Amino acid sequence: MFHVTKAYPGDPPVLVDINLDVQKGEFVFLTGPSGAGKSTLLKLMFVAERPSRGQVLIAGRNVARLRAGGIPYLRRNIGVVFQDFKLLPTRTVAENVGFTLDVLGTPREVVRARSLKALKSVGLEHKADVLPPKLSGGEQQRVVIARALVNDPAILLADEPTGNLDPRLTVEIMDLLCDVNARGTTVVVATHDASLIERYQKRTLRLERGTLVAEALGHKAAALMA
Amino acid sequence: MSLTASLSYFGRTALNGIWRSPFVHVIAVSSLAIALVGFGLARMAQAQLDKLLYALGGEVEMTVYLADGTTPEKIAELQSALAQRTSGQTRLVSPAEALGRLAEQLGQQGEALQSLAENPLPWSVEVTLPPLAREPEALEQLSQKVRTLPFVTQVDYGQEALERLTAIARALKLGSLIAFVLVFLTAVVVVSATLQLAIYSRREDIEIQKLVGATDRFVRAPFLIEGLLQGVVAATLAALALWAFALFVGPRLAALFSFLDLGTAATRPSPRLLLELYGIGAAMGLCGSVVAVRRFLHV
């Protein structure tokens with residue numbers, strides 16, 4: 001991202017002059033208080049929002065100038081874990097996970113097989129034919145991660161992926177994201193959970209009032225939360 | 001990416017959409033079916049009128065009256081000229097035969113004709129025309145030409161009755177065309193309204209589809225198929241309704257208008273009419289869904 005600013009008419013800017021470079025295969029935490037602009041930054045990355053000023057390059061493509069018709073093809077390389085899950089309550093868990101493959105025109109039997117494989121990786125294979133409202137918050141979160149990963153995306157964006165989970169599940173989910181990262185996927189996680197940053201010691205960027213105020217690596221990252 | 005997998009997905013999504021909100025789809029299909037039944041009945045009535053006109057045209061003969069004193073040689077010459085020009089069959093009618101026919105038509109009053117000192121009727125030639133020449137315009141042109149022939153004094157082909165019937169047929173065609181356009185537009189509005197509801201009820205699906213990389217075409221396709229299915233189902237219902245109409249009401253109508261010799265076969269929906277029903281049904285459904293998708297689906 002180069003000098004990215006995002007503002008909505010009539011409101012103060014949400015992001016101000018952000019410069020950010022995430023390497024392929026990297027794991028990055030985005031942290032900061034609520035309203036700091038973490039979610040907006042992620043939205044710019046999967047083109048749910050366009051920058052008011054500046055450039056956003058993903059895999060060498062300038063998404064700020066991307067035509068509307070090109071957005072779907074970019075998104076197919078990006079898995080997103082939404083804070084509010086965005087699961088369809090009338091479709092089974094397997095159907096929700098397979099949604100990502102359906103839009104690619106994947107044959108039905110392949111969709112089913114790959115959905116089950118993704119669910120197995122998050123430990124929910126046995127809940128494949130259950131409707132999401134029957135699952136706990138943690139289980140729903142894991143379904144969302146399975147949906148984001150089923151297509152083997154190059155980039156995984158997660159907005160507060162452990163916000164609704166107990167400490168044991170939080171570790172499980174984070175370990176899962178680390179595994180995905182170890183297999184080569186670039187992972188960006190927005191969180192305000194200091195314990196995660198302390199435990200995993202990854203590159204961490206701190207946002208405050210729309211501005212990138214600090215950056216740290218490894219064991220120094222925890223200091224950013226102070 | 002597999003086209004068959006996508007088509008199968010679109011079909012399943014469309015059927016699922018119908019299954020999830022059956023009531024609005026029943027309303028849309030019923031409206032379309034009623035519109036198509038109206039169209040089918042108008043087409044069947046028009047077919048009967050065309051048949052009637054054709055039959056009437058077959059009965060109308062052109063009668064060419066000749067001048068007094070035309071010699072038998074000239075009459076024979078003229079008869080062959082008429083046969084050549086009209087491509088029809090000619091028959092010479094003598095004044096005596098014409099008088100006999102008139103007396104027969106007049107019945108008892110015809111006896112008065114016997115008191116005439118001499119036969120006032122001229123020689124005439126009756127021409128039975130081929131089907132192509134039975135159209136009012138063609139008949140008029142032909143009669144103009146025949147009038148210019150030597151020894152011809154008058155030409156009669158019952159033009160008034162034929163023109164009146166043709167005018168009625170034209171008015172019916174125009175009226176049914178206007179009605180058809182109105183019904184078509186109404187059906188399109190009904191289909192688009194039901195699909196607007198479908199789009200609203202599936203807004204979450206659409207949002208997630210877009211977020212996981214669905215193209216606009218992919219999001220729109222199931223709604224277009226839904227509209228198309230509505231049209232095809234409505235056409236099937238309309239065909240069944242018309243067939244039932246022909247089976248139960250057709251014979252009664254034929255009996256009621258027995259003097260017109262409607263027959264029963266012609267009152268059934270023809271294969272061509274069935275094709276038209278399916279074509280128009282599909283077009284109405286598709287137009288309605290295109291309108292809905294363009295107006296209400298902001299992807």
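Here is the naming used below: chain letters follow the sequence lines, and residue numbers restart at 1 for every chain. Because the structure is predicted, anything quoted here is derived from the model rather than measured.
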So do the side chains of Gln230(B) and Leu32(B) get within less than 4.5 Å of each other, counting heavy atoms only?
-> yes

Applying a strict 4.5 Å limit to non-hydrogen atoms, the region of Leu211(B) in contact with chain A is both

Of the listed Gly79(A), Pro72(A), Ala48(A), the one with the largest count of heavy-atom pairs under 4.5 Å with chain B is Pro72(A)

Hey, mind stepping through Ile27(B) and Phe23(B) against side chain to side chain contact (heavy atoms under 4.5 Å, CB included) and telling me if it holds? CA-CA 6 Å; Ile27(B) 289 174; Phe23(B) 184 65; 3.5 Å; yes

Original post:
Is the number of heavy atoms from other residues, nucleotides or ligands under 6.0 Å of Arg108(A) CZ greater than 12?
Top reply: no

Margin query: Any heavy-atom pair between the side chains of Thr5(A) and Leu15(A) that's under 4.5 Å?
Written below: no

| request: Taking the side chain as every heavy atom from C-beta outward, state whether Lys6(A) and Lys43(A) have any atom pair closer than 4.5 Å. | output: no

Taking a cut-off of under 4.5 angstrom between non-hydrogen atoms, the residues of residues 130-159 of chain A near chain B are Arg147(A)

Okay, Phe99(A) and chain B: the region with an atom under 4.5 Å from a heavy atom over there is both

Open item on the list: Measuring only between side-chain heavy atoms, which start at C-beta, is Phe27(A) closer than 4.5 Å to Val189(A)?
Closed with: yes

Margin query: Over 60° means perpendicular and under 30° means parallel, so tell me whether Phe218(B) and Tyr9(B) are parallel, tilted or perpendicular.
Written below: parallel

Check: Are more than 12 heavy atoms from other residues, nucleotides or ligands located less than 6.0 Å from atom CD of Glu26(A)?
Finding: yes

Bottom line for Arg217(B): the part with an atom under 4.5 Å from chain A's heavy atoms is neither

